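All values reported here derive from a predicted model rather than from experimental measurement. The sequence lines fix the lettering, A, B, ..., with proteins before strands; numbering per chain opens at 1.
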Amino acid sequence: MKKLKNILYLIGLYFKVNLASAMEYRSSFLMQAFGMALSNATFVFYWWIAFSQIGGRIGGYDFKDVMFIWALTSSAFGASNILFANMFRITTIIVTGELDTFLLQPKDVLISLLCSRTALSTWGDLLYGFVLMALTHGNDGMVWLMFLLGIVIGGLLMTAISVTAHTFTFYFGDASLIGDIALEFIINFCIYPEGIYRGFVRAMMLSVIPASFIVHIPLKLARSFQPGLLLILLAFAALYCFIAYKFFYHGLKKYESGNLIITRM
Amino acid sequence: MKFLRKYSTIIRISLQNAFVYRSNVLGGLLFYIVFIFVFFNLWRAIYQSGKVAGYTLSQMVWYLCMTELIAFGCKSNVFRQMNEDVKSGSIAYQLNRPYHYIIYQFSYTFGGIIFNLLIYGALAIVLGLIMVGPIPGFQLSLLPFGIFSAVLGILLNFFFLMALGLTAFRLEDNTAFFLIYQKLVFMLGMFIPLEFLPGWIQRIARWLPFSYVTWAPARLIVAFSWDLFRQVVPMQLLWLAVSVLFASGMYNYGVRGLQAHGG
């Protein structure tokens, strides 16, 4: 419990430092965040056209449901990137030997590694989700609660997926391909109604590709709350993150330093 | 002759580079498969109610295979490269080399595009056949006209991206232009055919260049008609001319104001 508290404290400190650094470049920060939000907004247009063509539901989802999964995917992705932006650079950091710097630090290596960078543009992703929710779901308390919970769970799961994919670098030498595409693959399964997929793909979405746990189960809970389903969601997310964490440290034992000298400013 | 040999060498080098970076190719192919698979599932669910806006499911899947093929085929770093060259100042070193900067960039990108179109084209055909079978009413003899339109779409996309990249000469941050352009291409044809849009948007879109990048060629390939060909190809040629003029205008304007400080 104390370790978890320390980790949260460390994440908070990194967040403050990264935010202060981002604020030094306000115009660039605002431009990138706005650009990302605008980019996401085009998909609302796409879905509006799709639903206006057929009316009713697509894969069991209506327009508001689709907006929920879009908002949640966007905000969870934004939150994970604001806090853990280095998750996309783990392979580069391992391969170039930059990892040495993190090994020398007195805090948790994985957390320091993940938190030491933030992505400015993803503030746009985070805020876009909130705006979309406000426009499509108004002040429905349960939906907002599941949305906020979903951001935390989805953000952690996305980070865990990226960490797991990049950790293969310790074993294979360079897993940048898997690392680069793993999360984007999963996001592709998050932003479309679950009902459009069948059999095997649905099973994958509940296990290896945990898209169902990132957005579709929170949506089910928002529609009709079931405590048992919530417990399953929390347990799965905790287990997935725990396995990713342990997998990283298991791989780390195989790391060999290249004695690279780096200065972190 | 010397001119052609010089730039064909650049195309060859670019092709060789594309073969060397195999993991990038593999990643792109996997993405392409996932995109098509997801869209196939989505449109299959939508088409449970029958035919939508004049397209059958089979035509719709082939349409998406074609638009994504053009999107992946067009994929180049030209915008980012222009930006970097201008902002880092490395363009100053390229200006006194024995080639024209714009033609050099075009030749280099063209090699990558040839490679992409071959690889993704083969994959598009395989995926389309597996998912929905052959295109209904497809005539092989008309395919060259669709390909011609696709080449025009790719070229006009390239020159617009180049022109937008060259705005870096005068603007500190031009990313917003790129994002807006990219999204307009997405919305006006790449993910959904123009025929699905409300009438007033269609009428405006037909006068703008964005639909002519993916919609026009994909529509010609999946449901060719001479009427459509006569409508869209002149518009593509017109916009291609505009984009080339725009890019060379931006280049000349930018180079005139360029200040090199050595180093």
Side-chain angles (χ1 to χ4, degrees), chain A residues 25 27-61 66 91 120-121 124 172 174-182 184-198 201-202 209 211, chain B residues 21-55 60 64 171-199 201-202 205 210:
Chain A
Y25 304 96
S27 62
S28 177
F29 170 74
L30 290 172
M31 178 69 95
Q32 288 188 40
F34 172 74
M36 201 48 78
L38 180 79
S39 170
N40 290 347
T42 55
F43 289 93
V44 177
F45 177 78
Y46 174 80
W47 283 106
W48 172 62
I49 296 293
F51 276 100
S52 65
Q53 280 290 322
I54 61 145
R57 304 171 87 83
I58 297 173
Y61 284 21
V66 173
T91 292
L120 294 184
S121 62
F172 304 142
D174 184 355
S176 52
L177 176 64
I178 309 172
D180 289 345
I181 62 181
E184 296 216 29
F185 265 34
I186 287 159
I187 287 175
N188 257 301
F189 289 93
C190 289
I191 54 181
Y192 298 97
E194 196 180 26
I196 66 172
Y197 303 107
R198 296 170 185 174
V201 179
R202 288 284 278 275
I209 307 172
Chain B
Y21 296 108
R22 283 187 286 270
S23 66
N24 286 351
V25 177
L26 186 62
L29 292 176
L30 287 172
F31 256 120
Y32 185 84
I33 293 170
V34 169
F35 272 133
I36 298 298
F37 175 74
V38 168
F39 279 121
F40 167 65
N41 280 282
L42 177 67
W43 286 100
R44 188 177 56 186
I46 292 173
Y47 270 85
Q48 278 170 357
S49 60
K51 202 172 175 182
V52 184
Y55 284 74
M60 189 64 210
L64 288 166
L171 297 168
E172 207 172 297
D173 194 340
N174 56 356
T175 321
F177 289 139
F178 173 71
L179 285 173
I180 291 168
Y181 171 81
Q182 190 192 39
K183 297 309 156 194
L184 284 167
V185 172
F186 279 5
M187 287 191 299
L188 301 177
M190 188 183 294
F191 288 155
I192 23 177
L194 213 54
E195 293 82 0
F196 284 30
L197 306 179
I201 299 182
Q202 280 189 50
F210 314 105

Q. Once the angle between the rings of A:F189 and B:F37 is folded into 0 to 90°, is it parallel (under 30°), tilted (30 to 60°) or perpendicular (over 60°)?
A. tilted

(Q) Heavy-atom cut-off 4.5 Å, strictly under: side chain, backbone, both or neither for B:F35 against chain A? (A) side chain

Q) Where does B:L184 contact chain A at under 4.5 Å (heavy atoms): side chain, backbone, both or neither? A) neither

Q.
Distance check, rounded to the nearest 0.5 Å: B:L26 atom CG versus A:I181 atom CD1?
A. 7.0 Å

Q: Would you name the heavy atoms of B:L42 and A:Y46 that are closest together and state the gap between them?
A: CD2-OH, 3.3 Å

Q. If you round to the nearest 0.5 Å, how far is CD1 of B:I46 from CZ of A:F51?
A. 8.0 Å

**Q.** Nearest heavy atoms of B:R44 and A:I196, plus distance in Å
**A.** NH2-O, 3.8 Å

(Q) At a 4.5 Å cut-off on heavy atoms, which part of B:V34 comes close to chain A: side chain, backbone, both, or neither? (A) side chain

(Q) I need the minimum non-hydrogen distance between A:G59 and B:A45, along with the two atoms involved. (A) N-CB, 4.3 Å

(Q) To the closest 0.5 Å, what do you measure between CZ (A:F43) and CZ (B:F191)? (A) 4.5 Å

Q) Pick from A:I58, A:I178, A:N188: which one has the most heavy-atom pairs with chain B under 4.5 Å? A) A:N188

